[in-house]
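Heads up: the structure comes next, in structure tokens.
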There are 2 protein chains.
Amino acid sequence: MKRGTGMPGSTAKDILNIDRDSFEPAYLQLVRIFKAQIASGKYRPGAKLPSEAVICKKYGLSPMTVRRAINLLIDQGVVRTVQGSGTFVRGVKLSASSFNLQELMELIQDENGTQVKVLEMDIAKASPEVAERLGLASGDNVIHARRLLLTRGHPVVYHHGHLLYDPQRPIVEGELDVTSLRGLFSGAGQTDIKKGLMSVQAVTLGEQEAGLLKREQGSPAFRLEHTFYDFDDRPVSYGWFVCPADRLLFTAKIGHWDEE
Amino acid sequence: MKRGTGMPGSTAKDILNIDRDSFEPAYLQLVRIFKAQIASGKYRPGAKLPSEAVICKKYGLSPMTVRRAINLLIDQGVVRTVQGSGTFVRGVKLSASSFNLQELMELIQDENGTQVKVLEMDIAKASPEVAERLGLASGDNVIHARRLLLTRGHPVVYHHGHLLYDPQRPIVEGELDVTSLRGLFSGAGQTDIKKGLMSVQAVTLGEQEAGLLKREQGSPAFRLEHTFYDFDDRPVSYGWFVCPADRLLFTAKIGHWDEE
DNA sequence: AAGTGGTCTAGACCACGGC
DNA sequence: CCGTGGTCTAGACCACTTA
């Protein structure tokens, strides 16, 4: 009676019922069942789901297991619970849209032919703006980096970064070459950075950027600004990525989708 | 011995320990405790947390409660678990950045002085592109809407939308005036829309848009395209919002922050 | 008062990793 | 082998809503 290969005696794909022999945990099966029923229109936004006790009986599960499934549905924004009243299906709300950097990541992690061209990499005096961002005095030394990322020979992202220069500390290792960016995106290694603040802006390309990215001056692009902090809450890295609009797009699904 | 007002005998703010009399559930307290310890640097990225059994003993909690806390930390991207091995603190990864429409929402929901100026609202033949998006034949009727949102008299968002025109069905009610947009953003009402697809692009303003939004032609802006579907999976609404770059910015926090 | 969601217990058995 | 995370049970008590 343990999970393992698949279905023993039950009919092939018995959706809407818990298969105790499935590799898939019962609570996930329950989540799937309710999402399917909502997507099918059986439960419309605003509708009330059966009470937890009823669900327990119907599927032969213990309250904790049912609760776990419902908590997942809540986290995913599918339902809403009101204590003492019931569990209700949520409507679509635009503000629930959540965009991530998946697309940008895939651009950079294109293993086939991503290369980094270092345009500049040296130690320089911080400009007033950079000094403020990094919490330094104007004129302090920072590592200044300008890089161009190319996939299959075509420029796709321009990065301009400023790193804290502190002879004491081993340079925030990684930020200095290709691996660096890959590491930041994939999350490997990284033990010196505690947190970061990111923002996305819409901009038009200046003369220099346009030249580097081989686009028309004034053409639209995303500007992704970042500030990273170490475990002492000191900002250690400030900079931005510029990516032409024709190479990048953020997408999001909202509401009730049958499958991910 | 039940949850209620606050602390009975324990010292004021005994962080790092579970207060059984707090209004805050034990599992949330545990989450807070671990996040604080990680943010403080006690557990660095890559470090291994105590085993669940140890945590149970240390805080006098049952396994399910501890597990629930850890599951939350996993969902929040704070830790990663490896079966048979342990629970480990995750490093910062750029691709975890998640942006939402909070900022845009606040623009529109500025109760003080948001108003909608309807520029156009009529029934027209669908253009080939719109027809394709809405799954219609070119030339079918659609409701065509162009609106300008202003806060305190200043234009901030331009919306261009196309709605399925079907005499059969009560018009996807809401999409037609201010309340509409508010409703979509806040998620009130809405029982006819099942799901939506959104995308964010960087663009430059055309002549007409620039005029309406009182900006320079060619200045940068966000274009937020949307397609909404009903419970029969028919696209019922296609359109886009245009918002000048100087009025909008998407931000995200990644990594380990002490407080939200 | 009855029904609902919310939290929590004290175990159980399993699958997996490393010694 | 033992320790780890992963799932699940069969209840308990509480707070809240509704009538």
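Just so we're on the same page: letters track the sequence lines, and every chain starts at 1. All heavy atoms count here, side chains included; hydrogens, waters and symmetry mates do not.
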If the cut-off is 4.0 Å, is [X] near the phosphate of [N], judged by side-chain N/O to OP1 or OP2?
X     : N      : answer
A:S85 : D:dT17 : no
A:S51 : C:dT4  : yes
A:R20 : D:dT9  : yes
A:Y27 : D:dC8  : no
B:R68 : C:dT7  : yes
B:T87 : D:dG5  : yes

Calculate the interatomic distance between [X] atom [atom1] and [N] atom [atom2]; express it in whole Å.
X     : N      : atom1 : atom2 : answer
B:F88 : D:dT4  : CZ    : C1'   : 9 Å
A:R80 : D:dT17 : CZ    : P     : 12 Å
A:K48 : C:dT4  : NZ    : P     : 6 Å
B:N71 : D:dG5  : CG    : C1'   : 10 Å
A:F23 : C:dC16 : CZ    : P     : 13 Å
B:I55 : C:dT9  : CD1   : P     : 14 Å
B:I70 : D:dT7  : CD1   : C1'   : 14 Å
A:L61 : D:dT7  : CG    : P     : 14 Å

Ion pair present between B:R32 and B:D258, side-chain N to carboxylate O less than 4.0 angstrom? no
Pair A:D233 + A:K195: basic N to acidic O under 4.0 Å: yes
Under 3.5 Å, side chain of A:E225 to main-chain N/O of A:M198, donor-acceptor pair present? no
Is A:H256 reaching over with its side chain to a backbone N or O of A:G41, donor-acceptor style, under 3.5 angstrom? no
Distance-only donor-acceptor check, side chains B:T251 and B:E103, under 3.5 Å: yes
Selected nucleotide, minimal atom distance to B:E52 side chain, candidates D:dG11, D:dG5, C:dG5: D:dG5
Walking DNA chain D from its 5' end, the first of A:G84 and A:S62 to be reached, judged by nearest nucleotide, is A:S62
Could you say whether B:P50 or A:Q83 is positioned toward the 5' end of DNA chain D, judged by the nucleotide with the nearest heavy atom to each? B:P50
